[in-house]
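The model shown is predicted, which means the values in this text are computed figures rather than measured ones.
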Amino acid sequence: MNTSNEDVGSSPGNIRREYREHQIGRLAAAHRPNYDCVIGNIVTAAGWLGVSLNTPLASILSLEPKPTPVWNLEASSLRQLEVACAIPCLDIEEWNAKVLPPPGRAAVLIGDGNEMPWSPYFGNESLEHSFLVVNYEGEHLAFDSYQADTDWGVARPIVIEHGDWAGVPVARTLELSCFSGPETYIPARRAYVSDDSLLKAYKQAVVTETQPLSQLAIDTWLISRARQVNMNAVNLSENGLRIELARSQEAWASAAESVYMALRRVRRGRPASDSYKEIVMTAVACDVAVAELWEE
C-alpha cells in the first residue's frame, strides 16, 4: 500500500481543510474599517458571495437626525442598507429571529455586544452589534469584520470560535444570497439631508445638552467614517466636490474626537468644555455644503 507524503497531502480530508482555511482567509482579509458593525459585516458577507458593495454604498450621503427618543444619526446606516437591498444580484431577507444560512449563503446576526464574548463591549456596555455566519459546504463559519478602538479595548476582524457564538442571543438576522446579475452596479449619487427646521432642532439639542454625549459620540464617529466611504464615489475630476467632502470628513473627525474627550471628562466626574458644540455645528454646515454638490 502506497502511503507516500504526496498521497497523504492530497487526501480528501486535507483538501477540505485547505479549502476551509481558504474560506476563512477570504473573510479575514476583508477589513472594513469605515463601516459600522452591521454594514461592515453585510459588505463582508456580500464580498464572500461575490458582490462588491463598496462603490454602491459610497453613493449615499445622509445627514438625517431623528429624535427616537433621543437624537441620533442612524439613518446613515439605514440608507446604506436600502442601497444594498436594491442591488439586482443580491437578495437580503430579514428575520426577527436567529436564522443560520443554508449552504452557499451568508447571514448577519444582530444582537447585544454585551453578550458577545469576542467583543470589547462584552460585560461592559449594552450596544447593538453583529457578526457574520457563512455556510461553507454545510459548515457554519463565523466572523466579525468590525474594526474600532473602544474604552474597553480594540475590536479587529476576527474568526469566531463556534463555542463563542453558538449560544449568543440574536434579535434579528439578515440573510444574504447572490444571483446572477451585472458584474458592476453603480447607483446614482443621492443626498438625504434633513430640512432646516430639523437641523436647527438637532443643533439646539446639542447646544442645550439634551442630546446625550454618549449618543453624540457614537453619531459623530459613525458619520466621520461614512464620509470616508463617500470619497469612493467622487471622480478625480470633481475638484470642488472633493474639496468640500474632504472638509466635511475632517470636520466630523474633529467633532468625534472633541465629543469623545468631553465624554471622558464627564465619566471621570469633571465638567465638559463647551468647545465640542461649535465643532459639531461646523460639521453639520460642511455636510449641507457637500449635499448641494452631491447629486448627479
Asker: Is there a donor in the side chain of H129 and an acceptor in the side chain of D144, or the other way round, less than 3.5 Å apart?
Answerer: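 Yes, a side-chain donor-acceptor pair sits under 3.5 Å.
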
Asker: With sequence neighbours left out, what residues match D195 under salt bridge (Lys or Arg N to Asp or Glu O under 4.0 Å)?
Answerer: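 For D195, no residue satisfies salt bridge (Lys or Arg N to Asp or Glu O under 4.0 Å) once neighbours in sequence are set aside.
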
Asker: Whether E128 and R172 form a salt bridge (side-chain N of Lys/Arg under 4.0 Å from carboxylate O of Asp/Glu) is what I want to check.
Answerer: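 Judged by the 4.0 Å cut-off on N to carboxylate O distance, R172 and E128 do form a salt bridge.
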
Asker: Who are the salt bridge (Lys or Arg N to Asp or Glu O under 4.0 Å) partners of E292, not counting sequence neighbours?
Answerer: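 Residues passing salt bridge (Lys or Arg N to Asp or Glu O under 4.0 Å) with E292: none at all.
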
Asker: Quick one: does K98's side chain have a donor or acceptor within less than 3.5 Å of a partner on V170's backbone?
Answerer: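 No; zero donor-acceptor contacts below 3.5 Å.
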
Asker: Can you tell me how far apart OH (Y276) and OG (S254) are? Round to the nearest 0.5 Å.
Answerer: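 Those atoms lie 14.0 Å apart.
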
Asker: If we only count heavy atoms from C-beta on, is the E137 to P103 side-chain gap below 4.5 Å?
Answerer: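 They are not in side-chain contact.
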
Asker: Just do the side-chain contact (heavy atoms from CB on, under 4.5 Å) check on W221 and Y260 with the steps written out, would you?
Answerer: CA-CA 9 Å; W221 179 66; Y260 178 68; over 6 Å; no

Asker: Determine whether more than 12 heavy atoms belonging to other residues, nucleotides or ligands lie under 6.0 Å from atom CD of E125.
Answerer: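 Check passes, neighbour count above 12.
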
Asker: What closest approach, in Å, do N114 and S126 show between heavy atoms, and which atom pair accounts for it?
Answerer: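 In terms of heavy atoms, the two residues are closest at CB-CA, 3.9 Å.
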
Asker: With side chains defined as the heavy atoms from C-beta onward, is the minimum distance between P187 and V83 less than 4.5 Å?
Answerer: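 The answer is yes, as the side chains (C-beta and beyond) meet within the 4.5 Å cut-off.
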
Asker: Under 3.5 Å, is there a donor-acceptor pair between the E64 and S62 side chains?
Answerer: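 Looking only at side-chain atoms, S62 and E64 do form a donor-acceptor pair, the distance falling under 3.5 Å.
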
Asker: Going from CE on M231 to OG on S248, what distance comes out if it is rounded to the nearest 0.5 angstrom?
Answerer: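 M231 CE to S248 OG: 8.5 Å, rounded to 0.5 Å.
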
Asker: Would you say S145's side chain and G40's backbone share a donor-acceptor pair under 3.5 angstrom?
Answerer: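 A pair under 3.5 Å: yes.
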
Asker: Does a side-chain heavy-atom distance below 4.5 Å link V154 with P120?
Answerer: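 They are not in contact (no side-chain heavy atoms under 4.5 Å apart), so the answer is no.
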
Asker: Going by atom types alone, do W294 and N230 pair a side-chain donor with an acceptor below 3.5 Å?
Answerer: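 Absent: no donor and acceptor within the cut-off.
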
Asker: Taking the side chain as every heavy atom from C-beta outward, state whether R242 and V234 have any atom pair closer than 4.5 Å.
Answerer: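 Of all side-chain heavy-atom pairs linking V234 with R242, at least one is under 4.5 Å.
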
Asker: Show the nearest heavy-atom pair for residues A46 and L176, with the distance to one decimal.
Answerer: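 Of all heavy-atom pairs spanning A46 and L176, the closest is N-CD2, 4.1 Å.
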
Asker: Atom CZ in R268, atom CG in L263: separation rounded to 0.5 Å?
Answerer: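 Atom-to-atom, R268:CZ and L263:CG are 10.5 Å apart.
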
Asker: Ring centroids only, cut at 6.0 angstrom: are F143 and W48 within range, meaning strictly under it?
Answerer: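 No.
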
Asker: In the hydrophobic clustering (ILVMFWY, side-chain contacts below 4.5 Å, transitive), which residues join I243, or is it alone?
Answerer: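 Its cluster partners, ordered by chain and number, are none at all.
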
Asker: Restricting to non-hydrogen atoms, name the atom on V51 and the atom on C89 that form the minimum distance, rounded to 0.1 Å.
Answerer: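 In terms of heavy atoms, the two residues are closest at CG2-SG, 4.0 Å.
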
Asker: So how far is it from F179 CZ to I87 CD1, rounded to the nearest 0.5 Å?
Answerer: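 One finds 13.5 Å between CZ of F179 and CD1 of I87.
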
Asker: Measure the OG1-CG distance between T55 and N232 for me, rounded to the nearest 0.5 Å.
Answerer: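 One finds 6.5 Å between OG1 of T55 and CG of N232.
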
Asker: Salt bridge or not for R189 and E238, using N-O below 4.0 Å?
Answerer: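 Salt bridge flag = yes for E238 with R189.
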
Asker: Kindly determine whether D149 and R156 satisfy salt bridge (charged side-chain N to carboxylate O under 4.0 Å, His left out), including the steps that lead there.
Answerer: CA-CA 9 Å; D149 297 338; R156 294 292 183 266; 2.9 Å; yes

Asker: For residues K203 and V284, report the shortest heavy-atom separation together with the two atoms involved.
Answerer: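 Distance-wise, the nearest heavy atoms are CE-CG1, 3.7 Å.
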
Asker: My understanding is that only residues two or more places apart in sequence, or in another chain, count here; which of them pass salt bridge (Lys or Arg N to Asp or Glu O under 4.0 Å) with R264?
Answerer: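 Not a single residue meets the salt bridge (Lys or Arg N to Asp or Glu O under 4.0 Å) criterion with R264.
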
Asker: Would you give the length of the straight line joining atom CD1 of I92 to atom CD1 of I42, rounded to the nearest 0.5 angstrom?
Answerer: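 Going from CD1 on I92 over to CD1 on I42, the span is 5.5 Å.
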
Asker: Answer whether the closest heavy-atom distance between the side chains of P157 and Q147 falls below 4.5 Å.
Answerer: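 The answer is yes; the side chains approach within 4.5 Å.
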
Asker: What pairs meet the ring-ring contact (aromatic ring centres under 6.0 Å, His included) rule with one or both residues in residues 61-107, with sequence neighbours excluded?
Answerer: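 Matches after skipping sequence neighbours: W71-Y202.
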
Asker: For D151, give me all partners under salt bridge (Lys or Arg N to Asp or Glu O under 4.0 Å), at least two apart in sequence or on another chain.
Answerer: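 Residues passing salt bridge (Lys or Arg N to Asp or Glu O under 4.0 Å) with D151: R267.
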
Asker: Which heavy atom in V168 sits nearest to a heavy atom in P117, and how many Å separate them?
Answerer: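 Heavy atoms only, the tightest pair is CG2-CD, 4.2 Å.
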
Asker: Answer whether the closest heavy-atom distance between the side chains of L174 and E93 falls below 4.5 Å.
Answerer: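 Side-chain contact under 4.5 Å: no.
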
Asker: So, D219 and Q215: side-chain donor and acceptor under 3.5 Å apart, yes or no?
Answerer: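 Indeed, the side chains of D219 and Q215 share at least one donor-acceptor pair under 3.5 Å.
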
Asker: Any ion pair linking E250 and R227 (charged N to carboxylate O, less than 4.0 Å)?
Answerer: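 Answer for the salt bridge query: no.
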
